[in-house]
Participant: 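Pasting in a structure now, in C-alpha coordinates, and then I'll have a few things to ask.
The chains referred to below are lettered A, B, ... by the order of the sequence lines, with proteins before strands, and numbering in each begins at 1. Side-chain atoms are counted along with the backbone in the values below, which use heavy atoms only and exclude waters and symmetry mates. Model, not experiment: these values are computed from the prediction.
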Amino acid sequence: MSKQAKQVEVTPDYLAEWNEPRILQFQDDLVHWYSQRKRDLPWRLNQDPYRIWVSEIMLQQTQVITVIPYFERFMEWFPTIKDFAEAPEERILKAWEGLGYYSRVRNMQKAAQTIVSDHQGEMPTNVADISELKGIGPYTTGAIASIAFDIPEPAIDGNVMRVYSRLFEVSDDIAKPSSRKTFDKLVRATISQTDPSSFNQGLMDLGATICKPTSPLCEECPVREYCASLAKNTVGQYPVKSKKVKARPVYYQAQVIRNQKGELLIEQRPSEGLLANLWQFPLVEVSADEYKKDWSSEALAYDLVAEPEQAYLSDVINQVVWLEKPVGEVTHIFSHLKWFIQVTFGVVKDAEELCLKENQRWVKPIEVDSYPLPKPQTKMLELLKKENII
DNA sequence: AAGGCGGGGAA
DNA sequence: TTCCCAGCCTT
(Lines give C-alpha, C1' and ligand atoms only; values in the text may rest on other atoms or scores of the structure.)
Protein backbone atom coordinates (compact mmCIF):
# COMPACT_ATOMS: atom_id res chain seq x y z
CA MET A 1 0.00 0.00 0.00
CA SER A 2 1.32 3.39 -0.90
CA LYS A 3 2.03 6.06 1.65
CA GLN A 4 -0.62 8.20 0.02
CA ALA A 5 -3.29 5.57 0.52
CA LYS A 6 -2.45 5.12 4.17
CA GLN A 7 -2.77 8.84 4.68
CA VAL A 8 -6.34 8.68 3.44
CA GLU A 9 -7.17 5.96 5.94
CA VAL A 10 -5.90 7.99 8.84
CA THR A 11 -7.35 11.35 7.84
CA PRO A 12 -10.89 11.22 6.48
CA ASP A 13 -11.29 13.15 3.26
CA TYR A 14 -14.32 15.13 4.37
CA LEU A 15 -14.37 17.17 1.18
CA ALA A 16 -14.23 14.25 -1.25
CA GLU A 17 -17.68 15.00 -2.63
CA TRP A 18 -17.36 18.76 -2.38
CA ASN A 19 -16.32 19.99 -5.77
CA GLU A 20 -16.03 23.69 -6.53
CA PRO A 21 -19.63 24.24 -7.71
CA ARG A 22 -20.96 22.50 -4.62
CA ILE A 23 -18.83 24.65 -2.31
CA LEU A 24 -19.99 27.81 -4.05
CA GLN A 25 -23.60 26.71 -3.85
CA PHE A 26 -23.21 25.93 -0.16
CA GLN A 27 -21.77 29.39 0.47
CA ASP A 28 -24.54 31.00 -1.53
CA ASP A 29 -27.28 29.14 0.30
CA LEU A 30 -25.87 30.09 3.69
CA VAL A 31 -25.22 33.73 2.78
CA HIS A 32 -28.66 34.05 1.22
CA TRP A 33 -30.31 32.59 4.31
CA TYR A 34 -28.34 35.03 6.46
CA SER A 35 -29.41 38.00 4.37
CA GLN A 36 -33.05 36.98 4.75
CA ARG A 37 -33.10 35.81 8.32
CA LYS A 38 -30.26 37.47 10.18
CA ARG A 39 -30.99 38.60 13.67
CA ASP A 40 -31.36 42.32 14.20
CA LEU A 41 -28.54 43.12 16.59
CA PRO A 42 -27.11 46.48 17.62
CA TRP A 43 -23.56 45.60 16.57
CA ARG A 44 -24.80 44.76 13.09
CA LEU A 45 -25.79 48.35 12.28
CA ASN A 46 -22.48 48.95 10.55
CA GLN A 47 -18.96 47.58 10.17
CA ASP A 48 -17.38 49.69 12.91
CA PRO A 49 -14.50 47.50 14.14
CA TYR A 50 -14.75 48.92 17.66
CA ARG A 51 -18.39 47.92 18.01
CA ILE A 52 -17.70 44.51 16.54
CA TRP A 53 -14.76 44.01 18.85
CA VAL A 54 -16.74 44.98 21.95
CA SER A 55 -19.62 42.72 20.96
CA GLU A 56 -17.37 39.73 20.28
CA ILE A 57 -15.60 40.03 23.62
CA MET A 58 -18.93 40.34 25.42
CA LEU A 59 -20.36 37.39 23.48
CA GLN A 60 -17.63 35.03 24.66
CA GLN A 61 -19.37 32.61 27.02
CA THR A 62 -22.33 34.97 27.13
CA GLN A 63 -25.65 34.79 25.34
CA VAL A 64 -26.87 37.42 22.91
CA ILE A 65 -29.94 38.34 24.94
CA THR A 66 -27.75 39.09 27.94
CA VAL A 67 -25.19 41.09 26.00
CA ILE A 68 -27.49 43.56 24.24
CA PRO A 69 -28.15 45.98 27.14
CA TYR A 70 -24.51 45.80 28.24
CA PHE A 71 -23.41 46.61 24.72
CA GLU A 72 -25.68 49.64 24.39
CA ARG A 73 -24.53 51.08 27.71
CA PHE A 74 -20.88 50.35 26.97
CA MET A 75 -21.01 52.31 23.72
CA GLU A 76 -22.68 55.22 25.54
CA TRP A 77 -20.07 55.25 28.27
CA PHE A 78 -17.09 54.73 25.96
CA PRO A 79 -17.99 56.02 22.48
CA THR A 80 -14.47 55.60 21.09
CA ILE A 81 -11.53 53.30 21.63
CA LYS A 82 -9.65 56.26 23.10
CA ASP A 83 -12.43 56.96 25.60
CA PHE A 84 -12.29 53.36 26.69
CA ALA A 85 -8.49 53.25 26.83
CA GLU A 86 -8.45 56.25 29.20
CA ALA A 87 -11.29 55.14 31.48
CA PRO A 88 -10.55 54.29 35.14
CA GLU A 89 -10.52 50.58 35.88
CA GLU A 90 -13.38 51.00 38.33
CA ARG A 91 -15.48 52.39 35.53
CA ILE A 92 -14.77 49.59 33.06
CA LEU A 93 -15.45 46.96 35.69
CA LYS A 94 -18.74 48.67 36.48
CA ALA A 95 -19.60 48.51 32.79
CA TRP A 96 -18.91 44.77 32.95
CA GLU A 97 -20.61 44.12 36.28
CA GLY A 98 -22.70 40.99 36.02
CA LEU A 99 -21.19 39.76 32.75
CA GLY A 100 -18.55 37.63 34.45
CA TYR A 101 -15.04 36.73 33.33
CA TYR A 102 -13.82 40.16 34.27
CA SER A 103 -10.36 39.65 32.85
CA ARG A 104 -12.06 40.09 29.49
CA VAL A 105 -12.61 43.79 30.07
CA ARG A 106 -9.21 44.34 31.66
CA ASN A 107 -7.50 42.67 28.72
CA MET A 108 -9.66 44.64 26.32
CA GLN A 109 -8.56 47.89 27.89
CA LYS A 110 -4.91 46.90 27.57
CA ALA A 111 -5.58 46.22 23.90
CA ALA A 112 -7.30 49.59 23.58
CA GLN A 113 -4.27 51.29 25.04
CA THR A 114 -2.07 49.43 22.56
CA ILE A 115 -4.33 50.55 19.73
CA VAL A 116 -4.03 54.16 20.88
CA SER A 117 -0.27 54.03 21.30
CA ASP A 118 0.67 51.84 18.34
CA HIS A 119 -2.15 52.13 15.81
CA GLN A 120 -3.31 55.76 15.93
CA GLY A 121 -6.42 54.79 17.85
CA GLU A 122 -7.77 52.60 15.05
CA MET A 123 -8.20 48.85 15.08
CA PRO A 124 -5.47 47.38 12.86
CA THR A 125 -6.81 45.99 9.60
CA ASN A 126 -4.73 42.85 9.17
CA VAL A 127 -4.96 39.47 10.85
CA ALA A 128 -1.44 39.46 12.32
CA ASP A 129 -1.79 42.79 14.09
CA ILE A 130 -5.31 42.10 15.30
CA SER A 131 -4.29 38.81 16.87
CA GLU A 132 -1.41 40.47 18.73
CA LEU A 133 -3.84 42.41 20.87
CA LYS A 134 -4.48 41.33 24.44
CA GLY A 135 -7.57 39.22 24.88
CA ILE A 136 -7.99 38.60 21.15
CA GLY A 137 -7.42 34.95 20.33
CA PRO A 138 -7.96 33.01 17.11
CA TYR A 139 -11.75 33.16 17.23
CA THR A 140 -12.04 36.89 17.91
CA THR A 141 -9.35 37.64 15.34
CA GLY A 142 -11.39 35.85 12.69
CA ALA A 143 -14.61 37.51 13.77
CA ILE A 144 -13.17 41.04 13.62
CA ALA A 145 -11.22 40.43 10.41
CA SER A 146 -14.17 38.97 8.55
CA ILE A 147 -17.00 41.14 9.87
CA ALA A 148 -15.23 44.50 10.01
CA PHE A 149 -12.79 44.11 7.13
CA ASP A 150 -14.26 41.39 4.87
CA ILE A 151 -11.16 39.22 5.23
CA PRO A 152 -11.90 35.51 4.62
CA GLU A 153 -10.60 34.34 7.99
CA PRO A 154 -12.35 31.54 9.92
CA ALA A 155 -13.97 32.45 13.22
CA ILE A 156 -14.22 29.09 14.89
CA ASP A 157 -16.15 28.88 18.10
CA GLY A 158 -18.26 26.15 19.64
CA ASN A 159 -21.14 26.92 17.29
CA VAL A 160 -19.01 26.52 14.19
CA MET A 161 -17.44 23.29 15.45
CA ARG A 162 -20.90 21.92 16.13
CA VAL A 163 -22.19 22.90 12.68
CA TYR A 164 -19.15 21.52 10.85
CA SER A 165 -18.96 18.34 12.89
CA ARG A 166 -22.51 17.60 11.78
CA LEU A 167 -22.03 18.74 8.19
CA PHE A 168 -19.03 16.45 7.69
CA GLU A 169 -19.45 13.88 10.46
CA VAL A 170 -16.24 14.99 12.11
CA SER A 171 -15.55 12.76 15.10
CA ASP A 172 -12.69 14.79 16.54
CA ASP A 173 -13.27 15.64 20.20
CA ILE A 174 -14.14 19.33 20.15
CA ALA A 175 -13.11 19.62 23.78
CA LYS A 176 -9.49 19.11 22.74
CA PRO A 177 -7.61 22.21 21.59
CA SER A 178 -5.85 20.11 18.93
CA SER A 179 -9.17 19.48 17.16
CA ARG A 180 -9.31 23.10 16.10
CA LYS A 181 -6.93 22.26 13.23
CA THR A 182 -9.45 19.94 11.61
CA PHE A 183 -12.18 22.55 11.72
CA ASP A 184 -9.81 25.31 10.63
CA LYS A 185 -8.98 23.34 7.48
CA LEU A 186 -12.62 22.66 6.69
CA VAL A 187 -13.72 26.25 7.20
CA ARG A 188 -10.81 27.61 5.17
CA ALA A 189 -11.77 25.23 2.37
CA THR A 190 -15.40 26.31 2.39
CA ILE A 191 -15.51 29.94 3.54
CA SER A 192 -16.91 32.45 1.10
CA GLN A 193 -14.22 34.58 -0.51
CA THR A 194 -16.73 37.12 -1.76
CA ASP A 195 -18.70 37.67 1.44
CA PRO A 196 -16.85 36.14 4.39
CA SER A 197 -18.65 38.51 6.76
CA SER A 198 -22.09 37.17 5.91
CA PHE A 199 -20.72 33.64 5.73
CA ASN A 200 -19.23 33.71 9.23
CA GLN A 201 -22.20 35.50 10.74
CA GLY A 202 -24.46 33.07 8.94
CA LEU A 203 -22.65 30.21 10.66
CA MET A 204 -23.06 31.96 14.00
CA ASP A 205 -26.80 32.47 13.52
CA LEU A 206 -27.19 28.97 12.16
CA GLY A 207 -25.54 27.49 15.25
CA ALA A 208 -27.56 29.68 17.58
CA THR A 209 -31.01 29.26 16.03
CA ILE A 210 -31.04 26.08 13.89
CA CYS A 211 -28.08 23.81 14.52
CA LYS A 212 -28.58 23.95 18.27
CA PRO A 213 -26.78 21.70 20.76
CA THR A 214 -29.97 19.77 21.48
CA SER A 215 -33.07 19.46 19.31
CA PRO A 216 -31.62 20.97 16.13
CA LEU A 217 -34.22 22.19 13.65
CA CYS A 218 -32.85 20.31 10.66
CA GLU A 219 -35.99 20.68 8.57
CA GLU A 220 -35.52 24.45 8.66
CA CYS A 221 -31.80 24.36 7.92
CA PRO A 222 -30.73 26.23 4.80
CA VAL A 223 -27.82 23.84 4.24
CA ARG A 224 -29.52 20.56 5.17
CA GLU A 225 -28.88 19.12 1.71
CA TYR A 226 -25.14 19.32 2.40
CA CYS A 227 -25.29 17.73 5.83
CA ALA A 228 -23.67 14.29 6.04
CA SER A 229 -25.00 13.52 9.50
CA LEU A 230 -28.56 14.45 8.52
CA ALA A 231 -28.32 12.15 5.50
CA LYS A 232 -27.12 9.33 7.69
CA ASN A 233 -29.42 10.17 10.58
CA THR A 234 -26.48 10.62 12.94
CA VAL A 235 -26.97 14.28 13.86
CA GLY A 236 -27.37 13.33 17.50
CA GLN A 237 -23.89 11.81 17.56
CA TYR A 238 -22.21 15.12 16.77
CA PRO A 239 -20.30 16.95 17.95
CA VAL A 240 -18.13 14.49 19.86
CA LYS A 241 -17.21 16.20 23.07
CA SER A 242 -15.54 14.74 26.11
CA LYS A 243 -16.59 16.10 29.43
CA LYS A 244 -13.77 17.06 31.64
CA VAL A 245 -15.62 16.66 34.87
CA LYS A 246 -13.21 16.23 37.67
CA ALA A 247 -13.36 12.79 39.19
CA ARG A 248 -15.24 13.16 42.43
CA PRO A 249 -13.61 11.36 45.34
CA VAL A 250 -15.63 8.66 47.08
CA TYR A 251 -14.35 6.83 50.13
CA TYR A 252 -15.06 3.25 51.11
CA GLN A 253 -14.13 0.68 53.63
CA ALA A 254 -13.97 -2.76 52.04
CA GLN A 255 -14.64 -5.64 54.38
CA VAL A 256 -12.99 -8.90 53.49
CA ILE A 257 -14.68 -11.33 55.84
CA ARG A 258 -13.81 -14.97 56.37
CA ASN A 259 -15.88 -17.53 58.19
CA GLN A 260 -14.58 -20.53 60.09
CA LYS A 261 -14.85 -22.71 57.00
CA GLY A 262 -12.38 -20.44 55.28
CA GLU A 263 -14.98 -18.97 52.92
CA LEU A 264 -15.15 -15.30 51.96
CA LEU A 265 -18.23 -13.12 51.85
CA ILE A 266 -19.05 -11.46 48.55
CA GLU A 267 -22.12 -9.61 47.36
CA GLN A 268 -23.73 -8.65 44.10
CA ARG A 269 -24.17 -4.98 43.28
CA PRO A 270 -27.60 -3.59 42.40
CA SER A 271 -29.00 -4.24 38.93
CA GLU A 272 -28.87 -0.59 38.00
CA GLY A 273 -26.23 2.09 38.16
CA LEU A 274 -22.48 1.89 38.31
CA LEU A 275 -21.04 -1.61 37.82
CA ALA A 276 -24.52 -3.07 37.80
CA ASN A 277 -24.78 -6.71 38.86
CA LEU A 278 -21.07 -7.18 39.34
CA TRP A 279 -19.72 -8.77 42.52
CA GLN A 280 -17.58 -7.35 45.25
CA PHE A 281 -16.33 -7.66 48.76
CA PRO A 282 -18.82 -5.62 50.78
CA LEU A 283 -18.16 -1.91 50.47
CA VAL A 284 -19.29 0.62 53.03
CA GLU A 285 -19.07 4.24 52.04
CA VAL A 286 -17.46 6.46 54.63
CA SER A 287 -17.01 10.20 54.84
CA ALA A 288 -13.75 11.80 53.81
CA ASP A 289 -13.04 12.58 57.45
CA GLU A 290 -13.77 9.05 58.51
CA TYR A 291 -11.52 7.72 55.77
CA LYS A 292 -8.64 9.97 56.55
CA LYS A 293 -8.51 9.11 60.24
CA ASP A 294 -5.56 7.19 61.53
CA TRP A 295 -6.26 3.65 60.53
CA SER A 296 -3.47 1.86 62.26
CA SER A 297 -4.49 -1.54 63.54
CA GLU A 298 -5.04 -0.11 66.96
CA ALA A 299 -7.51 2.44 65.65
CA LEU A 300 -9.39 -0.29 63.84
CA ALA A 301 -9.46 -2.83 66.63
CA TYR A 302 -13.17 -3.02 67.18
CA ASP A 303 -14.77 -4.67 70.15
CA LEU A 304 -16.40 -7.97 69.66
CA VAL A 305 -19.99 -7.50 70.72
CA ALA A 306 -22.19 -9.90 68.90
CA GLU A 307 -25.89 -10.26 68.78
CA PRO A 308 -25.72 -11.54 65.26
CA GLU A 309 -29.00 -13.36 64.98
CA GLN A 310 -30.80 -10.03 64.96
CA ALA A 311 -28.55 -8.35 62.50
CA TYR A 312 -27.71 -8.31 58.86
CA LEU A 313 -24.08 -8.72 58.20
CA SER A 314 -22.27 -5.60 57.08
CA ASP A 315 -24.98 -3.41 58.58
CA VAL A 316 -23.43 -4.06 61.96
CA ILE A 317 -20.13 -5.36 60.77
CA ASN A 318 -18.23 -3.63 63.50
CA GLN A 319 -20.05 -5.65 66.10
CA VAL A 320 -19.79 -9.12 64.65
CA VAL A 321 -16.34 -9.07 63.20
CA TRP A 322 -13.08 -8.78 64.89
CA LEU A 323 -10.76 -7.04 62.52
CA GLU A 324 -7.42 -8.70 62.63
CA LYS A 325 -5.73 -6.04 60.58
CA PRO A 326 -6.00 -3.37 57.97
CA VAL A 327 -4.60 -4.71 54.72
CA GLY A 328 -3.94 -1.62 52.69
CA GLU A 329 -5.42 0.79 50.22
CA VAL A 330 -6.77 0.45 46.71
CA THR A 331 -7.67 3.39 44.48
CA HIS A 332 -9.42 3.44 41.15
CA ILE A 333 -10.44 6.25 38.81
CA PHE A 334 -13.65 6.08 36.82
CA SER A 335 -14.60 8.77 34.33
CA HIS A 336 -16.37 10.77 36.99
CA LEU A 337 -15.42 9.14 40.29
CA LYS A 338 -12.27 8.29 42.14
CA TRP A 339 -12.64 5.52 44.64
CA PHE A 340 -10.45 5.34 47.71
CA ILE A 341 -10.83 2.00 49.39
CA GLN A 342 -9.50 1.00 52.78
CA VAL A 343 -9.21 -2.76 52.72
CA THR A 344 -9.77 -4.51 56.04
CA PHE A 345 -9.79 -8.17 56.86
CA GLY A 346 -11.63 -9.96 59.62
CA VAL A 347 -13.01 -13.24 60.81
CA VAL A 348 -16.58 -14.02 61.79
CA LYS A 349 -16.87 -15.93 65.04
CA ASP A 350 -20.01 -17.82 64.25
CA ALA A 351 -21.20 -17.50 60.69
CA GLU A 352 -24.17 -19.78 61.21
CA GLU A 353 -25.89 -17.17 63.31
CA LEU A 354 -25.54 -14.49 60.71
CA CYS A 355 -28.36 -13.56 58.43
CA LEU A 356 -27.07 -12.94 54.96
CA LYS A 357 -28.73 -10.48 52.62
CA GLU A 358 -30.34 -11.77 49.44
CA ASN A 359 -27.36 -10.64 47.38
CA GLN A 360 -24.66 -12.04 49.64
CA ARG A 361 -22.99 -15.44 49.77
CA TRP A 362 -20.01 -17.28 51.16
CA VAL A 363 -17.59 -18.58 48.55
CA LYS A 364 -14.29 -20.38 48.63
CA PRO A 365 -11.36 -18.01 48.02
CA ILE A 366 -10.47 -19.85 44.82
CA GLU A 367 -13.99 -19.24 43.52
CA VAL A 368 -14.02 -15.48 43.99
CA ASP A 369 -12.19 -15.08 40.70
CA SER A 370 -14.98 -16.81 38.83
CA TYR A 371 -17.43 -14.04 39.64
CA PRO A 372 -17.51 -10.91 37.50
CA LEU A 373 -15.55 -8.37 39.49
CA PRO A 374 -15.05 -4.66 38.93
CA LYS A 375 -11.47 -3.52 38.48
CA PRO A 376 -11.15 -2.16 42.03
CA GLN A 377 -12.09 -5.58 43.30
CA THR A 378 -9.46 -7.36 41.25
CA LYS A 379 -6.96 -4.87 42.60
CA MET A 380 -8.12 -5.84 46.08
CA LEU A 381 -7.67 -9.52 45.28
CA GLU A 382 -4.11 -8.87 44.17
CA LEU A 383 -3.46 -6.96 47.35
CA LEU A 384 -4.87 -9.75 49.49
CA LYS A 385 -2.72 -12.33 47.77
CA LYS A 386 0.37 -10.15 48.04
CA GLU A 387 -0.24 -9.81 51.77
CA ASN A 388 -0.79 -13.58 52.09
CA ILE A 389 -4.29 -13.01 53.44
CA ILE A 390 -5.82 -15.43 50.99
C1' DA B 1 -2.17 20.21 27.88
C1' DA B 2 -4.74 21.55 31.74
C1' DG B 3 -6.67 24.72 35.15
C1' DG B 4 -9.02 29.10 36.14
C1' DC B 5 -12.24 32.34 35.11
C1' DG B 6 -18.95 33.74 35.99
C1' DG B 7 -23.23 33.66 34.94
C1' DG B 8 -27.50 32.41 32.41
C1' DG B 9 -30.69 29.31 30.39
C1' DA B 10 -32.31 24.59 29.59
C1' DA B 11 -33.53 20.15 31.22
C1' DT C 1 -31.99 21.60 41.59
C1' DT C 2 -28.33 20.10 38.34
C1' DC C 3 -26.53 20.16 33.71
C1' DC C 4 -24.74 22.48 29.76
C1' DC C 5 -22.38 26.14 27.53
C1' DA C 6 -16.98 27.36 25.92
C1' DG C 7 -12.56 31.71 24.47
C1' DC C 8 -8.48 33.26 26.27
C1' DC C 9 -4.73 33.54 29.48
C1' DT C 10 -1.56 31.42 32.46
C1' DT C 11 1.24 27.84 34.06
Participant: Choose from B/dG9, C/dC8, C/dC5 the nucleotide whose nearest atom is closest to any side-chain atom of A/Q63.
Facilitator: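 From the listed options, B/dG9 comes nearest.
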
Participant: With heavy atoms under 4.0 Å as the rule, sort A/I174 into base, sugar-phosphate or nothing.
Facilitator: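 The residue A/I174 makes no contact with any strand.
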
Participant: Describe the nucleic acid contact of A/T66 in one word from base, sugar-phosphate, nothing, applying a heavy-atom distance below 4.0 Å.
Facilitator: sugar-phosphate

Participant: Would you mind reading off the distance between A/I144 atom CD1 and C/dC8 atom C1', rounded to a whole angstrom?
Facilitator: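 About 13 Å, once rounded to whole Å.
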
Participant: Atom CZ of A/R106 to atom C1' of C/dC9: distance rounded to whole Å?
Facilitator: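 Interatomic distance, CZ of A/R106 to C1' of C/dC9: 12 Å.
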
Participant: Report the distance from atom NZ of A/K110 to atom C1' of C/dC8, rounded to the nearest whole Å.
Facilitator: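 Those two atoms, NZ and C1', are 12 Å apart.
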
Participant: Base, sugar-phosphate or nothing for A/Q60? Non-hydrogen atoms, less than 4.0 Å.
Facilitator: sugar-phosphate

Participant: Which nucleotide in the set C/dG7, C/dC5, B/dA11 lies at the smallest distance from any side-chain heavy atom of A/P213?
Facilitator: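 Within the option list, the nearest is C/dC5.
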
Participant: May I ask you to say whether A/D205 pairs ionically with A/R39, meaning some side-chain N is under 4.0 Å from a carboxylate O?
Facilitator: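 Judged by the 4.0 Å cut-off on N to carboxylate O distance, A/D205 and A/R39 do form a salt bridge.
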
Participant: What's A/P177 touching, base or sugar-phosphate or nothing? Going by heavy atoms closer than 4.0 Å.
Facilitator: nothing

Participant: Distance check: side-chain N/O of A/T214 vs OP1/OP2 of B/dA11, anything under 4.0 Å?
Facilitator: yes

Participant: Using a strict threshold of under 4.0 Å (side-chain N to carboxylate O), is an ion pair present between A/E382 and A/K379?
Facilitator: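 So A/K379 does not pair with A/E382 through a salt bridge.
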
Participant: DNA chain B: A/Y102 or A/S178, which has the more 5' nearest nucleotide?
Facilitator: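 This one resolves to A/S178.
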
Participant: Will you find, in the side chains of A/Y139 and A/E56, an N or O donor that is under 3.5 Å from an N or O acceptor?
Facilitator: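 The criterion, which ignores hydrogens and geometry beyond distance, is satisfied for A/E56 and A/Y139.
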
Participant: In whole Å, measure the gap between the P atoms of C/dC8 and B/dG9 for me.
Facilitator: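 It comes out at 23 Å once rounded to the nearest Å.
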
Participant: Can you identify which nucleotide, out of C/dG7, B/dG9, C/dC9, has its nearest atom closest to the A/Q61 side chain?
Facilitator: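 Side chain of A/Q61 sits closest to C/dG7.
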
Participant: Between A/K176 and A/E97, just flag the one whose closest nucleotide in DNA chain B comes earlier from the 5' side.
Facilitator: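 So the residue in question is A/K176.
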
Participant: Give me the ring orientation class for A/Y164 and A/F26: parallel if the planes are under 30° apart, tilted from 30 to 60°, perpendicular past 60°.
Facilitator: perpendicular

Participant: State whether A/K241 places a side-chain N or O below 4.0 Å from either non-bridging phosphate oxygen (OP1 or OP2) of C/dC5.
Facilitator: yes

Participant: Looking for any heavy atom pair under 4.0 Å, which part of the strands does A/R162 touch: base, sugar-phosphate only, or nothing?
Facilitator: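 Sugar-phosphate, backbone atoms only, no base.
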
Participant: Determine the Euclidean distance between corresponding C1' atoms of C/dC9 and B/dG8; express it in Å to zero decimal places.
Facilitator: 23 Å

Participant: Whole angstroms only, please: what is the CD1-C1' distance between A/I57 and C/dC9?
Facilitator: 12 Å

Participant: Output the rounded distance in Å from NZ (A/K212) to P (B/dA11).
Facilitator: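 Taking NZ of A/K212 and P of B/dA11, I get 8 Å after rounding.
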
Participant: Answer yes when A/E267 and A/R361 have at least one side-chain N-carboxylate O distance shorter than 4.0 Å, and no when they do not.
Facilitator: no

Participant: Expressed in angstrom and rounded to an integer, what is the separation of A/N107 atom CG from B/dC5 atom P?
Facilitator: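 Between P of B/dC5 and CG of A/N107: 14 Å.
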
Participant: Look at A/Y101 and C/dA6 and indicate whether a side-chain polar atom (N or O) is within less than 4.0 Å of OP1 or OP2.
Facilitator: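 It does not, given that no N or O in the side chain of A/Y101 lies less than 4.0 Å from OP1 or OP2 of C/dA6.
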
Participant: Do A/R44 and A/D40 sit within salt-bridge range, that is, some charged N less than 4.0 Å from a carboxylate O?
Facilitator: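 A/D40 and A/R44: not salt-bridged.
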
Participant: Please state how far atom CZ in A/R180 lies from atom P in C/dG7, giving the value in whole angstrom units.
Facilitator: 9 Å

Participant: Looking at every strand, decide which applies to A/K134 at a 4.0 Å heavy-atom threshold: base, sugar-phosphate, or nothing.
Facilitator: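 The answer is sugar-phosphate, as A/K134 gets under 4.0 Å only of primed atoms, P, OP1 or OP2.
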
Participant: A/R104 has an atom CZ; how far is it from atom P of B/dG7, in whole Å?
Facilitator: 10 Å

